[in-house]
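Hydrogens, waters and symmetry mates play no part in the numbers below; they use all other heavy atoms, side chains included.
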Amino acid sequence: MSDNSPLTLRRLAELLGAVLDGDGELVIAGISTLQDAGEGQLSFLANSQYRKYLKSTAASAVLLKAEDAEGYQGNALIVADPYLAYARLSHLFDPKPRRASGVHPSAVVAEDAQVDPKAYVGPGVVIDTGACIGAGATIEAQCFVGARSRIGAGSWLAPRVTVYHDVTIGERAVIQSGAVLGSEGFGFANDKGVWQKIAQIGGVKVGDDVEIGANTTIDRGALTPTTLGNGVKLDNQIQIAHNVHIGDHTAIAACVGISGSTRIGKHCMIAGGVGMVGHIEICDNVFISGMTMVTRSVTEPGAYSSGTVIQPAADWRKNAARFRQLDALFKRVQQLEKQLSAVTSDHQASSED
């Protein structure tokens, strides 16, 4: 909101384009779950399994679909997607500090670096030579922004983010603590058993509205930049190797490892713990379930999985032992099929005689 006037239910309805059912002058001071909400708080019903809490909730108002609002006696904002509505309103109640513009006296800023007057640079930050910080950007304490790197307008770097040299970050990025952008890719050439390092001279290019989780690492390209498209969302502790390309609005959950030169399309969803070999392509609109090992390119949209489901350890050991026997079993079946084919041919020949 552009002013400090109370957040009434009517104002929230106008913001969301919701149908107001109840007291429009009711002031909302917070947001919580159906189970935990109290007086003055707004809640939401996005999952049918929580409908049982609707009658007993102490929330002053609830975000509801039209079908769930029937028979509900309390104040309601009726929307098509309560979870999306909650997501939009959540920012109004976010207690994250809002920094005033300026450079903290303990920050070290190179003489030729450009820091917009409307940006904030916090304590202990280092801005290296030729770097550029855009208007409204926030660089929290002890961040490092390397030579010639650019942080776009409105972006927020949490404390202790490391941005190496020649990294470009777009507008409104959110980068959590411990993230490293532009670290050297894992590139070596083998010389008679001795590994010779390959200089990683590409950078990293990050689009607008990208979010990068805590302790996620994005390696710089060997020759050309590692790239993340607009709207990409990365969870915590993800490893993205050199020259990977991730398309617009793809979301990747925690602990995913993506090997070098892999290309992932737009609007993909990669669940936690997925591993990808290098030099493959994933097309647009692909969902890959948790702990899947991707060893080849995916050329058709859809959902993909690998691995086995959880089961009792004793059963898993038996199945694992049988898995090791599959090759031998396959060869035996092949041999039996050949024998059966020969017997069938002899029988047909005898019948014709």
Side-chain angles (χ1 to χ4, degrees), residues 96-187 197-232 234 238-246 248 260:
K96 183 168 66 178
R98 299 293 189 266
R99 306 297 189 187
S101 58
V103 178
H104 192 274
S106 65
V108 178
V109 180
E111 291 185 1
D112 62 344
Q114 299 178 36
V115 178
D116 190 279
K118 294 183 179 179
Y120 169 78
V121 177
V125 170
V126 175
I127 309 293
D128 209 345
T129 180
C132 180
I133 311 298
T138 297
I139 315 298
E140 296 283 8
Q142 299 181 351
C143 288
F144 174 82
V145 180
R148 300 174 300 278
S149 288
R150 305 179 67 87
I151 311 297
S155 291
W156 180 73
L157 275 60
R160 296 182 295 101
V161 169
T162 299
V163 179
Y164 279 59
H165 57 283
D166 299 307
V167 172
T168 299
I169 297 171
E171 298 183 355
R172 298 175 299 279
V174 173
I175 305 179
Q176 303 292 344
S177 294
V180 178
L181 284 73
S183 48
E184 293 185 347
F186 194 65
K197 186 176 181 63
I198 300 171
Q200 305 292 291
I201 61 178
V204 173
K205 185 176 181 180
V206 176
D208 297 335
D209 302 299
V210 170
E211 301 209 11
I212 298 172
N215 295 325
T216 284
T217 53
I218 304 173
D219 290 345
R220 65 192 313 102
L223 294 171
T224 56
T226 301
T227 60
L228 276 62
N230 295 328
V232 168
L234 303 181
I238 293 170
Q239 160 61 14
I240 298 175
H242 57 189
N243 296 109
V244 167
H245 172 86
I246 300 176
D248 295 350

Inset, instruction - Look at the side chain of S149 and the backbone N and O of T168, then say whether any donor-acceptor pair between them is shorter than 3.5 Å. - result: no

Inset, instruction - Side-chain contact test, heavy atoms from C-beta onward, threshold under 4.5 Å: evaluate it for Y164 versus S183 and give yes or no. - result: yes

Legend entry - Between CD1 on residue I218 and CD on residue Q239, distance to nearest 0.5 Å: 9.5 Å

Legend entry - Donor-acceptor pair, side chain of D208 and main chain of E171, under 3.5 angstrom: yes

Legend entry - Between CG on residue L223 and NE2 on residue H242, distance to nearest 0.5 Å: 9.5 Å

Inset, instruction - Quick one: pull up SG in C132 and CD in Q114 and give me the separation to the nearest 0.5 Å. - result: 4.5 Å

Legend entry - Euclidean distance, T138 OG1 relative to I175 CD1, rounded to 0.5 Å: 12.0 Å

Inset, instruction - Working to the nearest 0.5 Å, report the span between SG of C143 and CG of L157. - result: 5.0 Å

Legend entry - Smallest separation among heavy atoms of K96 and R98, with atom names: O-NH1, 2.7 Å

Legend entry - Whether T227 side chain and H245 backbone form a donor-acceptor pair below 3.5 Å: no

Inset, instruction - Kindly compute the distance separating CD1 (I151) from CG (D116), expressed to the nearest 0.5 Å. - result: 13.0 Å

Inset, instruction - Could you tell me which non-hydrogen atom of G260 sits nearest to which non-hydrogen atom of A241, and how far apart they are? - result: N-CB, 3.4 Å

Inset, instruction - Check for a donor-acceptor pair, side chain of S101 on one end and backbone N or O of A119 on the other, with a separation under 3.5 Å. - result: no

Inset, instruction - May I ask you to decide if G130's main-chain N or O and D112's side chain share a donor-acceptor pair within less than 3.5 Å? - result: yes

Inset, instruction - For residues Q176 and W156, determine if any side-chain heavy atom of one lies less than 4.5 Å from a side-chain heavy atom of the other. - result: yes

Inset, instruction - Return the minimal non-hydrogen interatomic distance between G152 and A137, and the atom names on each side. - result: O-CB, 3.8 Å

Inset, instruction - Would you confirm whether D248, through its side chain, and N230, through its main-chain N or O, come within 3.5 Å as a donor-acceptor pair? - result: yes

Legend entry - Sequence-distant partners of N243, side chain to side chain donor-acceptor pair (under 3.5 Å), two or more places apart: T224

Inset, instruction - Please report the shortest heavy-atom distance between S155 and A173, naming the atom on each side. - result: OG-N, 2.9 Å

Legend entry - Under 3.5 Å: donor-acceptor pair, side chain of Q200, backbone of I198: yes

Inset, instruction - Considering non-hydrogen atoms only, spot the tightest contact between G213 and A179 and give its length. - result: O-CB, 3.8 Å

Legend entry - Check: H165 main-chain N/O paired with R220 side-chain donor or acceptor under 3.5 Å: yes

Inset, instruction - With I240 as reference, evaluate T217, L234, D219 under the side-chain contact (heavy atoms from CB on, under 4.5 Å) test and give the passing residue. - result: L234

Legend entry - Closest approach of V121 to A107 (non-hydrogen atoms, all atoms of both residues): CG1-CB, 3.8 Å

Legend entry - Validation row: Q142, P159 side chains within 4.5 angstrom (heavy atoms): no

Inset, instruction - Decide yes or no for V115 and I139: does some side-chain heavy atom of the first lie under 4.5 Å from some side-chain heavy atom of the second? - result: no

Legend entry - Of V167, D166, D128, the residue whose pairing with R148 passes side-chain contact (heavy atoms from CB on, under 4.5 Å): D166

Legend entry - Crowding at CZ, R150 (>12 non-hydrogen neighbours, <6.0 Å): no

